[in-house]
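First the proteins, then the strands, lettered A, B, ... as listed; each starts at 1.
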Amino acid sequence: MFAYKPKPQPEHKPKHIPKPLLCLPQHLSSLDQIKQTHARIIVLGLTRHGKLLAHLLASLALSHSPPPLPYSLAVFRSFDFPSVFATNNLIRCFTRSDSPRQSLALYSSLLLRKFAAKPNNHTFTFVLQACAKALAGSEGAQVHAHVVKLGFGGDVFIRNALISFYYGCFGLECSRRVFDEYVRVRDLVTWNTMLACFVRDGQIGAAEKMFDEMPERDVVSWSTMLTGYVQNGCLEEALECFWGVRETGLRPNEAILVSVLSASAQLGLLEHGKLVHSLVDSMNFPITASLGTSLIDMYAKCGCIEQSKLLFDNMPRKDIWAWNVMISGLAMHGLAKEALKLFEKFIDKGFSPANVTFVGVLNACSRAGLVREGRHYFKLMTENYGIQAEMEHYGCMVDLLSRAGFVDEAVELIENMKISPDPVLWATLLGACKIHGHIELGEKIGNKLIQLDPNHGGHYVQLSSVYAKARKWEEVIRVRRLMSERNTNKAIGWSLIEAQGKVHKFVAGDKDHERVTEIYKMLELIGTLVAKTGYSPNISSVLHDIGEEEKETMIREHSERLAIAFGLLVTGVGDCIRVVKNLRVCVDCHEVTKIISKVFEREIIVRDGSRFHHFKEGKCSCRDFW
DNA sequence: ATAGGGTTAG
């Protein structure tokens with residue numbers, strides 16, 4: 001079989017090409033602009049001008065949103081003899097589409113010389129990208145063979161594309177082999193590509209090592225490392241990395257700013273987040289939709305919901321993420337009515353909600369105990385919008401229903417789930433059994449959970465709380481003993497507070513802080529003033545097998561008490577104390593914090609493991625429902 | 001005339 005090779009015909013060359021038609025591909029970024037230019041080309045009778053059409057294809061390949069394939073193909077078909085440049089650009093259009101495999105067909109037609117062109121060095125970088133996206137491993141390996149056969153084996157661009165391709169289709173070891181193969185054919189991008197492979201593989205230690213060994217680092221190296229830290233949950237390292245970027249004097253890019261804001265948000269470090277915000281302003285960095293959304297998210301998660309609202313209201317072009325983040329932010333602050341109102345506005349604006357939108361909406365309902373609304377939106381999601389309920393949606397619903405007392409309905413929901421339920425759902429239900437005193441069901445669930453994960457200390461604690469609620473003390477002791485015999489993992493509670501440019505982290509009974517004496521004196525003062533109000537501690541949440549007095553000491557030294565005591569030392573009347581806690585607050589700490597807010601005249605904002613509590617003048621924004 | 005690396009957020 002031999003390939004069909006048409007005879008090239010002389011290109012029709014018009015004498016004069018109007019200037020606006022010759023703008024660079026990246027200047028035509030929207031499809032509308034491209035189509036307008038195309039129309040002018042047709043009207044002016046320049047359709048046989050290959051260079052213009054090739055330009056048009058290049059614009060399509062680079063356009064802002066992925067170009068529609070029928071249109072790209074139509075442009076390509078209007079060539080008599082598409083050049084390799086035009087073909088390369090069509091390959092890129094295919095790669096950006098939903099069917100990147102079509103790039104491969106086009107490439108093989110290049111190999112068969114169906115057109116006058118033959119593949120060049122550029123072609124391979126594009127085709128390898130397509131293989132990576134289409135997960136076409138064996139095809140990509142064949143392309144690799146062609147690369148070697150046709151003498152492109154030493155092209156650094158192609159080698160870099162090969163590293164990405166092998167990672168995507170064959171894993172880290174294979175991409176590593178390509179990286180190691182030609183030690184001399186490496187540039188900064190080669191190192192960055194390999195670095196990204198380690199990050200994507202979750203091997204953050206190996207990534208760090210590579211980052212340190214790199215001969216040089218640019219802003220992409222830093223942003224790869226920083227986003228890697230955030231994605232792998234190494235939040236403190238991410239902050240350090242950000243200050244590393246600052247030291248180099250490099251101008252951060254958007255990914256760096258968004259990621260460091262995400263780390264600040266997750267840690268709840270308002271002062272840090274504010275510092276990043278002020279840097280963004282002082283750099284005159286453009287506030288894009290994603291950067292704006294990150295700021296809204298950061299302020300919400302750091303307790304400044306008012307600031308989030310302000311930024312949201314003044315945001316010129318809000319995309320769906322801005323709305324999602326704002327709705328979730330309101331939800332975690334317990335502002336359910338506002339969150340639902342915003343959701344309705346979102347719908348009125350013609351946006352279509354995503355599954356994360358409903359996580360925010362359902363969360364709002366569950367935080368505020370809006371059972372009727374929760375049922376409505378859950379139904380709306382699945383029936384009107386055809387969104388499959390995911391684990392998080394079920395989590396919200398189970399929490400909402402069971403905490404509001406509809407335990408049977410929650411059980412029914414779990415039993416009828418289309419996906420297999422996460423043990424977290426049962427654990428949620430167990431918590432509700434404790435609140436509502438459903439001893440038998442709680443016992444059943446608790447034992448099941450312990451059987452499922454015998455090392456999880458939390459399940460034992462919950463089950464013993466269920467027994468304690470029923471005053472079955474022997475059972476409490478039995479479960480406690482089982483727990484200590486099995487040496488289960490205990491989630492260590494901590495609380496942190498920012499002051500004087502530093503993060504102060506406390507665990508229960510902590511004695512490590514430099515102002516430990518003052519802090520414990522403050523705790524005593526709190527104890528005295530609280531006792532004066534007539535409050536006596538609720539010890540049901542502390543179920544250690546020890547005497548009453550010791551129990552009281554234990555709660556009095558819970559990590560958030562220490563953080564708040566320290567907060568009282570470094571603030572004045574009328575100031576705000578912000579505490580971040582990893583676990584949920586206990587009933588007693590919640591009561592005492594209310595009293596502190598009144599007696600010491602402070603606003604106290606606590607972010608616990610599931611939501612925000614705003615304590616002011618003796619009341620909490622959660623209205624004791626959490 | 002075209003290239004390659006990082007695309008976050010509940």
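Distance A/Met326 CE to B/dA9 C1': 14 Å, rounded to the nearest Å. In this structure, A/His122 atom NE2 and B/dA3 atom P are separated by 8 Å, rounded to whole Å. For A/Asp201 and B/dG6, the CG to P distance is 14 Å, given to the nearest whole Å. Atom CZ of A/Arg92 is separated from atom P of B/dA1 by 16 Å (rounded to the nearest Å). Distance A/Asp218 CG to B/dG4 P: 15 Å, rounded to the nearest Å. Atoms CG (A/Leu52) and P (B/dA1) sit 14 Å apart, rounded to a whole Å. Nucleotide B/dG4 holds its P atom 21 Å from the CZ atom of A/Arg186, rounded to whole Å. Nucleotide B/dG6 holds its P atom 13 Å from the CG atom of A/Leu188, rounded to whole Å.
As judged by a 4.0 angstrom heavy-atom cut-off over every strand, A/Val325 is placed among residues touching the sugar-phosphate backbone only. Contacts of A/Thr193 with the nucleic acid, taken as non-hydrogen atoms under 4.0 Å apart, involve only primed sugar atoms and P, OP1 or OP2. Here A/Ala322 lies out of heavy-atom contact (under 4.0 Å) with every strand. Base engagement by A/Asn120 is indicated by at least one non-hydrogen atom pair under 4.0 Å involving a base atom. Residue A/Phe126 is in base contact, counting any heavy-atom pair closer than 4.0 Å across all strands shown.
Scanning for side chain to side chain donor-acceptor pair (under 3.5 Å) contacts around A/Glu181 gives A/Arg159, with sequence neighbours left out. Checked against side-chain contact (heavy atoms from CB on, under 4.5 Å), A/Ala207 has the following partners two or more places apart in sequence or in another chain: A/Leu195, A/Phe198, A/Val199, A/Met225. Judged as a ring-ring contact (aromatic ring centres under 6.0 Å, His included), and not counting sequence neighbours, the contacts of A/Trp222 are A/Phe211. Residues meeting the side chain to side chain donor-acceptor pair (under 3.5 Å) test with A/Ser264, sequence neighbours left out: A/His272. Listed by chain and residue number, A/Asn324 satisfy the side chain to side chain donor-acceptor pair (under 3.5 Å) test with A/Thr357 (two or more places apart in sequence, or in another chain). Residues passing the side-chain contact (heavy atoms from CB on, under 4.5 Å) test with A/Ser259 are A/Leu226, A/Thr227, A/Val230, sequence neighbours excluded.
Less than 4.0 Å separates DNA chain B from at least one heavy atom of each of the following residues of residues 219-246 of chain A: A/Val220, A/Ser223, A/Thr224, A/Gln231. Remark: A/Asp155, A/Val156, A/Phe157, A/Asn160 in residues 146-168 of chain A come within less than 4.0 Å of DNA chain B through at least one heavy atom.
Screening residues 184-208 of chain A for salt bridge (Lys or Arg N to Asp or Glu O under 4.0 Å) gives A/Asp180-A/Arg186 as the qualifying pairs, with residues at least two apart or on separate chains.
The nucleotide whose nearest atom lies closest to any side-chain atom of A/Leu62 is, among B/dG6, B/dA9, B/dA3, B/dA3.
Annotation: A/Arg77, atom CZ; neighbour count of heavy atoms from other residues, nucleotides and ligands within 6.0 Å does not exceed 12.
Between A/Glu306 and A/Lys309 there is a salt bridge, with a side-chain nitrogen of the basic residue lying less than 4.0 Å from a carboxylate oxygen of the acidic one.
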